[in-house]
Amino acid sequence: MIQFEHLTYRYPGAESTILQDLSLEVGEGEFLLVMGPSGAGKSTLLRCLNGLVPHFYGGIISGEVRVDGRDPVALGPRGMADIVGFVLQDPEAQFVVDRVEDELAFALENQGLPPMLMRKRVEEALDQINIAHLRRRSVSTLSGGERQRVAIAAVMTLQPSVLVLDEPTSQLDPQAAEEVLDTLVRLNQDLGLTIILSEHRLERVVQYVDRILYLSGDGQQPMLDEPRQGLSQVELTPPLITLAKALGWSPIPLTIKEGRRFARKAQAHMPPETNPQDRVPASLTPSPQSPVSISIKGLGFSYNGHPALHDLSLDVHQGEFVALMGRNGAGKTTLLKQLVGLLTPDQGRVQLMAPASGKPMDTRKASVEEIIKYVGYVPQNPNALLFNDTVSRELDFTRRGHGLPPGEYDALLGTLGLTGHTGHYPRDLSVGERQRVALASILVAEPQVLLLDEPTRGLDYVQKAALVTFLQHERARGRTIIMATHDVELVANCADRVILLGDGQVVVDGPARQVMSDSLVFASQINKLFRDPALLTVEDALSIYPTGGL
């Protein structure tokens, strides 16, 4: 179905190639996972399949690409649209019209299909991706995860023979991600659809794929192998496999079901514990005596008559690390925008306890300029913060805007892995790199409260671990961190309090270990594996089972 022969590509102005002498074949009906570090060329490889590279991005390309006998380099995206469906990493970049149902019909109209056939395909796509309830909604009012599902549905209306997806679950809650992946598996098995997918959250997808393609990004030849063998050779692995490799489990389990037999054997060799919580470090949650940093009372807000928040009340204390979780559309992003003053309440109030004045700041009365001196906000889409010519100018702009001297951020760049990118144009970077630049552009202002919306989008496991270390350090310095995320592994590693939202209200509010171990949906892989409230992370498990009980 797909052939790459000695493919080499370099972006315009780049000093080195992003793909070098790449040769491989993908069979018809295969489900292939493309993985590797952020910036290794995964998105570039996918863009070659429908001609976006080089027709949209420019650059220098050599070698050959064939998809079902067609040449994407010669035909371009228009010539490949009927056989290659492409879902971008940024779903916002794909939308043409504002109404969900119209967006799904747009490509069909361009193909000149009969109205009855168009209606049938739109209905099928709405049901396949489970978004029929969004059909009359404006795209601009949807959450990031909802937009991602609409983008997938819009591509499916064309019924392509090859479906290419760039991090399709990066903005989806665990349940929605499982539904989308189940749909992809069904399309692959029932229709023989060839699927090529890149993803950083491997714990969601490795059990479904036929093979993995690992791009190292360091000039070495890519590795193409079956999942079990391939993952045993690389360091970027999900928690279950990381633990299995550390404890010598063989064969390496790809699913919790496969891992349970090893976990039961390890548990059988451990002495009984009267209190499992005694086996792990105490929670780092600040004491109730810590001063309140943010106070929310009776908060209500609607988008064009669609309620997003309803009678929401909570307090966040100084130095807390709070994770906002919940399904797509639960109100997480809306709440963050309320805290930074981008939205103001329809009902209730939000007060920030600014340390400079010692007086509460009401977001209904304070300007955004006043609020951002105290609160830093990193949105879901990093492009919203990036508009300067280089990374260094981006950071200097922020510092000058806050009355700080330019420069003095080398340590921050090193922590975020951006030291070599200071002279690069931010929008030419990968999504993961742009995410880190956006984070740096906020952190250089040294805010007291940090709001993060899906901060691990586009980050590999190594970068995620570095981000966790950095955020824990910032929290130890007394910075208050509120993070909206669907990444349960991230929350397990760094948050001390979880607030679960549902339909714009607080459903659950408690310590991370308690909330995540009581959940079937938001539990970490290690917690599902051992079913022990004391164990959330690989480090937790290794502290208890140093030999795996084998």
Side-chain angles (χ1 to χ4, degrees), residues 173-175 239 273-299 309-336 338-339 348 350 353 449-456 468 471-472 475-476 478-537 539-541:
D173 62 67
Q175 186 64 38
E273 296 282 351
T274 56
N275 184 6
Q277 292 289 356
D278 291 341
R279 302 198 304 264
V280 294
S283 172
L284 298 176
T285 305
S287 67
Q289 287 74 35
S290 299
V292 173
S293 180
I294 298 171
S295 178
I296 304 171
K297 302 296 182 186
L299 178 61
L309 300 173
H310 175 66
D311 195 26
L312 189 150
S313 298
L314 62 91
D315 289 337
V316 178
H317 293 263
Q318 182 178 338
E320 273 196 298
F321 197 138
V322 178
L324 298 177
M325 305 187 76
R327 64 178 179 271
N328 293 116
K332 302 182 297 296
T333 297
T334 302
L335 179 55
L336 293 186
Q338 290 281 346
L339 300 182
V350 176
M353 308 304 174
V449 176
L450 183 59
L451 309 179
L452 305 173
D453 199 351
E454 291 293 350
T456 57
V468 168
L471 293 177
Q472 288 174 334
R475 180 196 175 285
R479 183 167 287 167
T480 303
I481 302 174
I482 303 177
M483 173 179 68
T485 184
H486 296 302
D487 192 335
V488 296
E489 305 299 338
L490 174 69
V491 175
N493 275 282
C494 60
D496 47 54
R497 177 183 173 192
V498 172
I499 297 174
L500 185 62
L501 298 183
D503 295 328
Q505 294 182 302
V506 175
V507 177
V508 178
D509 182 357
R513 289 191 179 278
Q514 176 183 327
V515 174
M516 299 190 73
S517 60
D518 288 344
S519 173
L520 295 177
V521 176
F522 295 99
S524 67
Q525 273 203 313
I526 300 302
N527 186 259
K528 291 177 181 176
L529 180 67
F530 289 101
R531 301 175 186 175
D532 186 334
L535 305 180
L536 294 185
T537 68
E539 290 72 20
D540 290 343

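Just so it is clear, the model here is predicted, and its values are computed rather than measured.
Put simply, the side chain of S313 gets close to the backbone of G298: a donor and an acceptor are under 3.5 Å apart. Put simply, the side chain of T480 gets close to the backbone of G319: a donor and an acceptor are under 3.5 Å apart. At distances below 3.5 Å, not a single donor-acceptor pair connects side-chain atoms of Q514 with backbone N or O atoms of P511. Looking at K332, its side chain does come within 3.5 Å of a backbone N or O of R327 through a donor-acceptor pair. A donor-acceptor distance shorter than 3.5 angstrom exists from the side chain of Q472 to the backbone of N493, with no hydrogens or angles considered.
Annotation: the span from K528 atom NZ to S517 atom OG amounts to 13.0 Å, rounded to 0.5 Å. Rounding to the nearest 0.5 Å gives a distance of 12.0 Å between CD1 of I296 and CG of D311. Distance check, rounded to the nearest 0.5 Å: CG of L299 to CD of Q338 gives 5.0 Å. Here CG of D315 is found 9.5 Å from CD1 of I294. Values are rounded to the nearest 0.5 Å. Here the OG-CG distance, from S524 to L490, works out to 12.0 Å after rounding to the nearest 0.5 Å. A distance of 9.0 Å separates CG of L324 from CZ of R497, quoted to the nearest 0.5 Å.
Inter-residue side-chain proximity for V521 and D173 is flagged as unmet; no heavy-atom pair is nearer than 4.5 Å. Counting heavy atoms from C-beta on, the side chains of I482 and I499 never come closer than 4.5 Å. Taking the side chain as every heavy atom from C-beta outward, L500 and D509 never approach each other to under 4.5 Å. In this structure, the side chains of L471 and L450 come closer than 4.5 Å at one or more pairs of heavy atoms. Taking the side chain as every heavy atom from C-beta outward, L339 and V316 never approach each other to under 4.5 Å.
Nearest heavy atoms, F530 versus A541: CE1-CB, 3.9 Å. Across Q525 and E489, no two heavy atoms sit closer than the pair N-OE2, 2.8 Å. Shown here for M483 and C494, the closest heavy-atom pair between the two residues is CE-SG, 4.1 Å. Nearest heavy atoms, L312 versus G504: CD1-O, 3.7 Å. V498 approaches M516 most closely through the heavy-atom pair CG2-CG, 4.3 Å. Closest approach of E320 and R475 over heavy atoms only: C-NE, 4.4 Å.
Side-chain contact of T333 with D453: a donor-acceptor pair under 3.5 Å is present, judged by distance alone.
In this structure, D540 pairs ionically with R513, as a charged nitrogen and a carboxylate oxygen lie closer than 4.0 Å.
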